[in-house]
Q: 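Handing you a structure now.
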Amino acid sequence: METLKILFLGTPDFALFSLRALVEAKREIVGVVTQPDKPKGRGYELLPPPVKVFAESRGIPVYQPATLRDEGFYELLKAIDPNLIVVVAYGKILPQNVLDYPKFGCINVHGSLLPEYRGAAPMQRAIIDGKKVTGITTMKMEAGLDTGEMYEKAELVIGEDDNFEVVHDRLGALGANLLLSTLAKLEAGTLIGKAQDDAKATYAKKIEKEDCRLDFSQSAQKLHNLIRGLSPIPLAFTTLPDGKLLKIVASKVSDCTKSGKPGEVLALDGGKITVACKEGALDLLTLIPEGKKRMSAQDLINGRRIKVGDLLGS
RNA sequence: CGCGGGGUAGAGCAGUCUGGUAGCUCGUCGGGCUCAUAACCCGGAGGUCAUGUGGUUCAAAUCCCAUCCCCGCAA
C-alpha cells in the first residue's frame, strides 16, 4: 500500500504525545495544523501552542489558519495533499470538505471510552464523576461531535487520588501508542470500525468557571473528585473568610469524624486543613491563595490566614 | 501599556497608613520532661527588610523615585 502522508491537527500538550510518537516512529508528516498564537497570560503575551513549538523544532511545516471553513484552507489542503488526517485535541470542528479530502480519512484520538464522554473535556469529566476507569478511543471522524465509528480502545484505571495531570499524561501516552497501533492496522488492511451505541452516549461539557466552585453542601467524596479533576488546571476554588480566592490543588477525603456546618474549618492538625462537608470532611493539602504561590496547607496555617471555626466558601 | 496582590530568618506571614534598636506561627540546633512521641517545657543560631552604595530625613522595612522578579484574575 502507498505510504501514509499524514497531516496532523492538534494544539495542546495532549496532542504533543501523539505528534511526538509519530515523529519518533518516522512517520511521514506533511504538515501540522494548529491554533493561531493567542495573547495569553499577564500583559497579553503572544504564546504559541505547544504543538507548534515542537513541530518547528523538528522542521515540520506549521499552519495556523484562523478557520478551516474557507477556500484558503482548502487550497492549502490540496497543496499539501495528505492521504490521512490525524486529529488530536485540535480545538475546532472540521468541515465536511476537509473530512472528505484524505483518501484514508480522518482519525481522531479521543480521551475517553466512547460513546461515553464525547466532547471537550472527557478526562476532567470522568474524574469529576468519580469514574474508576477511563481510556482512549481512536475513531473515524465524521460530521457529528465524536460520533464516528470506533477503531481501537485502551483502558486506564483512575486511582482514588489521581488528578487531571496524572490522567492526562497517562492517557496522552496511551493515546500515542494506540494511534500507532491503529495506523499499523490501517496499513495492514485490518482496521475495522465499529459503530457507537448512541443510546449510551454521554457528553463531557467544557469546564466553566462555575464548575470550579466548591460547594461544601456536597459530599466530601464529590468535592475531592472535583478538585482532582480540575488540578492542576484550572483548579477548584473556594473563598477565605476575607473574601479572597483560595484555589485547591490537592485534597483527600478526611478520616476526621468531627462534624460542623458545611465549609467550617474543623481542624488544622497534621499539616491538613480539615473542612466539614455535607457528608464527611475534606482535608485540604495544597493550596494557592489569591495573589500567592502554591503552598502546603501547613504553610497557610503558619501564616495565620486561617483558623479553626472559619467558614469557607461563604 | 488589560485588572490586581506580593518580594521582611530555611517556609508561611505581621509590621508599612500614624518613620525611631525587626516580631509571629513553623522548621532547625542544643537541653529538659516522658515507657515513648510528630506532644509538652527551656534555651540558641539564623535577616545588608528584592535591587539602587537613589531621593527626603537627625533617623527609612516604613515616605518618594526608578528597576528587577514572583503570583492571582481576565483572555
Side-chain angles (χ1 to χ4, degrees), chain A residues 10-16 34-53 64-68 89-93 119-121 124 161 163-165 168 204-216 223 226-258 263-275 281-314:
Chain A
T11 302
D13 287 318
F14 186 73
L16 206 46
T34 190
Q35 298 277 351
D37 295 4
K38 281 180 184 164
K40 287 182 192 278
R42 280 178 286 275
Y44 293 130
E45 203 180 342
L46 214 54
L47 287 182
V51 160
K52 176 186 181 180
V53 176
Q64 299 178 280
T67 175
L68 307 184
Y90 171 57
K92 279 191 169 76
I93 305 282
Q124 294 94 321
D161 297 318
N163 65 12
F164 172 54
E165 180 173 40
H168 169 277
K205 276 184 302 186
K206 193 176 149 199
I207 307 287
E208 304 287 348
K209 184 71 180 171
E210 272 312 301
D211 296 330
C212 304
R213 182 187 295 278
L214 291 174
D215 173 7
F216 288 102
L223 292 169
L226 182 67
I227 289 165
R228 292 189 295 141
L230 300 177
S231 178
I233 292 173
L235 290 176
F237 69 92
T238 183
T239 50
L240 290 166
D242 64 5
K244 293 270 181 67
L245 276 184
L246 182 66
K247 297 189 149 200
I248 317 299
V249 177
S251 63
K252 199 163 150 289
V253 174
S254 180
D255 49 19
C256 175
T257 53
K258 286 183 217 161
E264 184 181 345
V265 176
L266 297 174
L268 297 174
D269 305 321
K272 299 173 296 192
I273 297 170
T274 305
V275 185
L282 195 65
D283 289 336
L284 308 182
L285 305 177
T286 309
L287 320 135
I288 303 178
E290 181 175 338
K292 290 296 183 175
K293 296 182 191 184
R294 161 186 305 219
M295 66 180 71
S296 67
Q298 187 62 57
D299 281 343
L300 191 79
I301 295 165
N302 285 343
R304 296 294 164 110
R305 285 167 172 253
I306 194 162
K307 57 187 188 298
V308 173
D310 279 353
L311 209 55
L312 299 181
S314 55

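Order of the sequence lines fixes the chain letters, A, B, ..., with proteins taken first and strands second; residue numbering starts at 1 for each chain.
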Q: Under 3.5 Å for both donor-acceptor distances, Watson-Crick or wobble: does A38(B) have a partner, and if so which one?
A: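 Paired with A38(B), as far as the under-3.5 Å criterion goes, is no nucleotide at all.
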Q: Sticking with atom P, work out how far A22(B) lies from G46(B), rounded to a whole angstrom.
A: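 Pairwise P distance, A22(B) against G46(B), rounds to 14 Å.
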Q: Nearest to the side chain of Met295(A), heavy atoms from C-beta on, is which of G12(B), G72(B), A75(B)?
A: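 Selected nucleotide: G12(B).
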Q: Using side-chain contact (heavy atoms from CB on, under 4.5 Å) as the criterion, list what pairs up with Leu311(A), not counting sequence neighbours.
A: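 Scan of Leu311(A) (side-chain contact (heavy atoms from CB on, under 4.5 Å), adjacent residues dropped) gives Lys261(A), Glu264(A), Ser314(A).
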Q: Excluding sequence neighbours, so at least two apart, what forms side chain to side chain donor-acceptor pair (under 3.5 Å) with Glu290(A)?
A: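 Glu290(A) satisfies side chain to side chain donor-acceptor pair (under 3.5 Å) with no residue once adjacent residues are dropped.
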Q: Using the C1' atom as the reference point in each nucleotide, state the distance between G12(B) and C71(B) in Å, no decimals.
A: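 Result for the C1' pair: 15 Å, nearest Å.
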Q: Heavy atoms within less than 4.0 Å of RNA chain B: which residues of residues 284-293 of chain A have one? Give them sorted by number.
A: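 Within this stretch, Ile288(A), Glu290(A), Gly291(A), Lys292(A), Lys293(A) sit under 4.0 Å of the strand.
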Q: Starting at CG of Asp299(A) and ending at P of C24(B), how long is that distance when rounded to a whole Å?
A: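 Roughly 19 Å, once rounded to whole Å.
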Q: Quick one: list whatever passes ring pair (Phe, Tyr, Trp, His ring centres under 6.0 Å) with Phe164(A), sequence neighbours left out.
A: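 Phe164(A) satisfies ring pair (Phe, Tyr, Trp, His ring centres under 6.0 Å) with His168(A) only.
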Q: Please figure out whether Lys209(A) or Arg294(A) has its closest RNA chain B nucleotide nearer the 5' end.
A: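 It is Arg294(A), whose closest nucleotide lies nearer the 5' terminus.
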Q: Taking atom C1' in both U56(B) and C42(B), what distance in whole Å separates the two?
A: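 Going atom to atom, C1' in each nucleotide, I get 46 Å.
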Q: Between U8(B) and U62(B), how far apart are the two P atoms, rounded to whole Å?
A: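 Those two atoms are separated by 14 Å.
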Q: May I have the distance from Arg305(A) (atom CZ) to G12(B) (atom C1'), rounded to whole angstrom?
A: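 Whole-Å distance recorded here is 8 Å.
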Q: Using the C1' atom on both, measure G20(B) against A61(B) and round to a whole Å.
A: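 About 13 Å, rounded to a whole number of Å.
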Q: Could you let me know what C13(B) is paired to, Watson-Crick or G-U wobble, both distances under 3.5 Å, or none if it's on its own?
A: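 When the pairing criteria are applied, G23(B) turns out to be the nucleotide that pairs with C13(B).
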Q: Roughly how many Å apart are G54(B) and C49(B), using the P atom of each and rounding to a whole number?
A: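 Those two atoms are separated by 13 Å.
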Q: Tyr44(A) ring centre to Lys38(A) NZ or CZ under 6.0 Å, with the angle to the axis within 45°?
A: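 Pair Lys38(A)/Tyr44(A) does not count as cation-pi.
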Q: Under the side-chain contact (heavy atoms from CB on, under 4.5 Å) test against Leu246(A), which residue among Ile288(A), Ile273(A), Leu240(A) passes?
A: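 Among the candidates, only Leu240(A) passes.
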Q: Quick one: look up who G2(B) pairs with, Watson-Crick or G-U, both distances under 3.5 Å, and put none if it's unpaired.
A: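 G2(B) is paired with C73(B).
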Q: Please check this pair: side chain of Ser231(A) against backbone of Val249(A), looking for a donor-acceptor N/O pair closer than 3.5 Å.
A: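 Side chain of Ser231(A) to backbone of Val249(A), a donor-acceptor pair under 3.5 Å: yes, one is there.
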Q: Whole-Å distance between U25(B) C1' and Ile273(A) CD1?
A: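 Atom-to-atom, Ile273(A) to U25(B), this comes out as 14 Å.
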Q: Between Leu46(A) (CG) and G2(B) (C1'), how many Å, whole number?
A: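 Going from CG in Leu46(A) over to C1' in G2(B) covers 15 Å.
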Q: Who pairs with Ser254(A) by side-chain contact (heavy atoms from CB on, under 4.5 Å), at least two apart in sequence or on another chain?
A: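 Ser254(A) satisfies side-chain contact (heavy atoms from CB on, under 4.5 Å) with Cys256(A), Thr274(A), Ala281(A), Asp283(A) once adjacent residues are dropped.
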Q: Without decimals, in angstroms, what is the distance between Tyr44(A) OH and C3(B) P?
A: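 In whole Å, C3(B) P and Tyr44(A) OH are 9 Å from each other.
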Q: Going by ring pair (Phe, Tyr, Trp, His ring centres under 6.0 Å), name the residues that satisfy it together with Tyr90(A), two or more places apart in sequence or in a different chain.
A: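 Counting only residues at least two positions away or on another chain, Tyr90(A) forms no ring pair (Phe, Tyr, Trp, His ring centres under 6.0 Å).
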Q: Using Watson-Crick or G-U wobble geometry with both distances under 3.5 Å, which nucleotide pairs with C68(B)?
A: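 G7(B) is the nucleotide pairing with C68(B).
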Q: For Lys292(A), what residues pass the salt bridge (charged side-chain N to carboxylate O under 4.0 Å, His left out) criterion, not counting sequence neighbours?
A: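 Not a single residue meets the salt bridge (charged side-chain N to carboxylate O under 4.0 Å, His left out) criterion with Lys292(A).
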Q: Both distances under 3.5 Å, Watson-Crick or G-U wobble: report the partner of G43(B), or none.
A: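 Its partner is C29(B) (Watson-Crick or G-U wobble, both distances under 3.5 Å).
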Q: Could I get the full list of side-chain contact (heavy atoms from CB on, under 4.5 Å) partners for Pro48(A), not counting sequence neighbours?
A: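 Per chain and number, Pro48(A) pairs via side-chain contact (heavy atoms from CB on, under 4.5 Å) with Asp37(A), Lys52(A), Val53(A).
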Q: Whole angstrom is fine here: how far is it from CD in Glu45(A) over to P in C70(B)?
A: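 Rounded to the whole Å, the gap is 11 Å.
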Q: Considering only nitrogen or oxygen atoms on both sides, find all protein atoms under 3.5 Å from nucleotides 26-28 of chain B and state each distance.
A:
from   : atom 1 : to        : atom 2 : distance (Å)
C26(B) : O2'    : Asn302(A) : ND2    : 3.4

Q: Take atom C1' in A66(B) and the same atom in G23(B), then report the distance between them in whole Å.
A: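 Going atom to atom, C1' in each nucleotide, I get 30 Å.
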Q: Using the P atom as the point on both nucleotides, what is the distance between C63(B) and G2(B), in whole Å?
A: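 G2(B) and C63(B) have their P atoms separated by 27 Å.
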Q: Do the side chain of Ser251(A) and the main chain of Leu284(A) share a donor and acceptor less than 3.5 angstrom apart?
A: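 Here the side-chain-to-backbone pair does not exist.
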Q: What is the separation between atom NZ on Lys244(A) and atom P on G6(B), rounded to the nearest whole Å?
A: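 It works out to 7 Å between those atoms.
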Q: Can you measure Ile233(A) atom CD1 to C71(B) atom P for me and round it to whole angstrom units?
A: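 After rounding, the reported distance stands at 13 Å.
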